[in-house]
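A short worksheet on the structure shown next.
Below, all heavy atoms of this structure are taken into account, side chains as well, without hydrogens, waters or symmetry copies.
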Amino acid sequence: MPDPIVRVLDLGHRWRSCTREGVVNVHWAVMQVPSPVAGYVLVHELAHVLVHDHSPEFWRLVERVLPDHRDRKRWLAENGAEMVRL
C-alpha cells in the first residue's frame with residue numbers, strides 16, 4: 001500500500017474523510033483546534049487507511065495510538081463548530 005496522501009480542504013461540515021485509495025482529506029480549520037484534538041483528527045483518518053469503517057477493530061486501532069481519543073472527540077463535538085466560523 002502506498003503512503004497516504006493528505007490534502008487540506010474546505011470540507012463544509014465534515015472535519016475529515018478518507019477515500020478507499022488512502023487519500024486523507026482534512027478540513028482547513030483543524031489547524032485552529034488544540035494540538036491534541038488535531039492529532040485525533042489525523043489518527044482517526046489514518047486509521048481509516050487500514051480499516052474503512054467504524055467497527056470495533058477500527059476503534060481498537062485508534063485507542064492503541066490515542067487512549068484518550070474519546071475526550072478529544074468530545075472536545076471537537078462541543079467546540080469544533082466555533083473553529084469553522086472563525
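- Applying the 6.0 Å contact sphere to CD of Glu63 captures more than 12 heavy atoms from other residues, nucleotides or ligands.
- Ala38 and Val30 get closest at one heavy-atom pair: CB-CG1, 3.7 Å.
- Note: Arg64 CZ to His69 NE2 = 12.0 Å, rounded to the nearest 0.5 Å.
- Side chains of His27 and Gln32 form no contact here, defined as non-hydrogen atoms less than 4.5 Å apart.
- In terms of heavy atoms, Val51 sits closest to Ser55 at CG1-OG, 3.7 Å.
- Here the two rings, on His44 and Phe58, have centers that are under 6.0 Å apart.
- Here the straight-line distance linking atom NZ of Lys73 with atom CD of Glu78 works out to 12.5 Å at 0.5 Å rounding.
- Taking both residues in full, the closest heavy atoms of Leu66 and Gly39 are given as CD1-O, 4.0 Å, listed atom of the first, atom of the second, then distance.
- No side-chain heavy atom of Glu45 sits under 4.5 Å from any side-chain heavy atom of Tyr40.
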